[in-house]
Student: 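I am attaching a structure below and will ask some questions about it afterwards.
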2 protein chains.
Amino acid sequence: MNFVHPSREDLTLGGVLSALSDPTRLRIVRFLYENRGNCASCAEAAPCPKMAKSTLSNHFRILREAGLIHTVKHGVEHRSVLRKEDIDARFPGLLELILKLAE
Amino acid sequence: MNFVHPSREDLTLGGVLSALSDPTRLRIVRFLYENRGNCASCAEAAPCPKMAKSTLSNHFRILREAGLIHTVKHGVEHRSVLRKEDIDARFPGLLELILKLAE
DNA sequence: TCGTTAGTTCACTATAATTGAACTATTGAA
DNA sequence: TTCAATAGTTCAATTATAGTGAACTAACGA
């Protein structure tokens with residue numbers, strides 16, 4: 001399975017804001033932010049066990065396509081990392097502020 | 001016509017981000033930001049004259065319901081102001097940063 | 001009163017999100 | 001090496017939300 005990730009310069013502000021405007025996705029991003037450096041499986045990063053896994057998969061796809069996370073296969077899991085450097089390079093201060101305001 | 005505006009404490013981060021994630025709405029907000037203190041009619045604040053006015057009206061409704069603007073009737077026009085104080089009180093720094101990053 | 005202006009509301013279409021079911025790929029155990 | 005379990009994707013169907021033209025409303029001016 002090969003995931004498509006946009007390159008750093010293809011990140012759009014609208015795409016990032018839209019991706020982060022959903023509470024589930026924001027919680028995923030927060031998890032990855034706080035576990036920076038560590039990859040996390042979908043189940044690990046997702047805060048809602050009762051959510052349909054297809055829905056969750058879709059949220060991860062949206063985060064990927066917005067350029068917020070990078071996902072690679074790792075055994076039976078799909079591990080995701082937050083693309084902090086790319087996001088910060090493109091939109092300095094945005095991620096940190098949103099996560100702070102969402103506390 | 002009575003418009004419903006959420007109170008300051010009812011503004012949600014998701015609602016604000018979602019509202020600002022649309023390019024048309026972001027341009028409206030930018031216009032109102034730069035003409036701070038002045039109300040603006042929809043036609044004035046809207047940057048796309050070719051857009052259907054029902055679409056535009058819908059964008060203003062979304063901005064209103066997200067708590068970003070305040071609209072009052074003023075003669076034949078509906079004048080909108082950016083609720084800068086409310087937004088800044090609830091989410092300090094967010095509006096300014098997003099507008100700066102969107103330049 | 002009639003036409004114009006400025007915007008809303010309605011009805012319809014089109015696009016996006018949610019979900020269960022079926023599918024794929026990897027691992028671990030018998 | 002086969003079989004079951006795990007972790008997620010993809011598909012198809014439903015539901016919700018955005019975009020649009022047409023009809024409507026309210027205020028103003030001649």
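Chain naming here is simple, since letters A, B, ... match the order of the sequence lines and numbering starts at 1 in each. Predicted, not measured: the structure shown is a model, and the values here were computed from it. Excluded from the calculations below are hydrogen atoms, water molecules and symmetry mates; all remaining heavy atoms, backbone and side chain alike, are included.
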Student: Figure out the CD/C1' separation between A/E44 and D/dG8, and round it to whole Å.
Tutor: 14 Å

Student: Could you check whether A/F60 and A/H78 have their ring centres less than 6.0 Å apart?
Tutor: no

Student: Indicate yes or no for a side-chain donor-acceptor contact from A/S21 to the backbone of A/S18 under 3.5 Å, with no hydrogens or angles considered.
Tutor: yes

Student: So does B/I69 get a backbone contact from the side chain of B/R83, meaning a donor-acceptor N/O pair under 3.5 Å?
Tutor: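 No.
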
Student: Between the protein and nucleotides 1-4 of chain D, list the N/O to N/O atom pairs that are separated by less than 3.5 angstrom.
Tutor:
none

Student: Take atom CZ of B/R79 and atom P of C/dT5, then tell me their distance rounded to the nearest Å.
Tutor: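 It works out to 18 Å between those atoms.
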
Student: Hey, are A/K100 and A/E96 close enough for a salt bridge, meaning a charged N less than 4.0 Å from a carboxylate O?
Tutor: no

Student: Distance check needed: C/dC23 C1' versus A/H78 NE2, whole Å only.
Tutor: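 In whole Å, C/dC23 C1' and A/H78 NE2 are 13 Å from each other.
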
Student: What nucleotide among D/dT9, D/dA27, C/dA6 has an atom nearest to a side-chain atom of B/K73?
Tutor: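 Ranking D/dT9, D/dA27, C/dA6 by closest atom to the B/K73 side chain puts D/dA27 first.
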
Student: Given 3.5 Å as the limit, does a donor-acceptor pair link the side chain of A/D10 with the main chain of A/P6, or not?
Tutor: no

Student: Side-chain N or O of A/R64 versus OP1/OP2 of D/dT9: is the shortest distance under 4.0 Å?
Tutor: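 Answer yes for this pair, as a side-chain N or O of A/R64 is under 4.0 Å from OP1 or OP2.
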
Student: Measuring from atom CG of B/D88 to atom CG of B/L94, what distance do you get when rounded to the nearest 0.5 angstrom?
Tutor: 9.0 Å

Student: Sort out for me which residue in B/I28, B/V29, B/L63, B/T71 forms a side chain to side chain contact (heavy atoms under 4.5 Å, CB included) with B/S80.
Tutor: B/T71

Student: Could you measure the distance from the CZ atom of A/F91 to the CG atom of A/D86? Nearest 0.5 Å is fine.
Tutor: 11.0 Å

Student: Look for any protein N or O under 3.5 Å of an N or O in nucleotides 16-22 of chain D and output each such pair with its distance, or none.
Tutor:
unit_1: D/dT20; atom_1: OP2; unit_2: B/T55; atom_2: OG1; d: 2.9
unit_1: D/dG21; atom_1: N7; unit_2: B/S54; atom_2: OG; d: 3.0
unit_1: D/dG21; atom_1: O6; unit_2: B/S54; atom_2: OG; d: 3.1

Student: Between A/V76 and B/F60, who's closer to the 5' end of DNA chain C by nearest nucleotide?
Tutor: B/F60

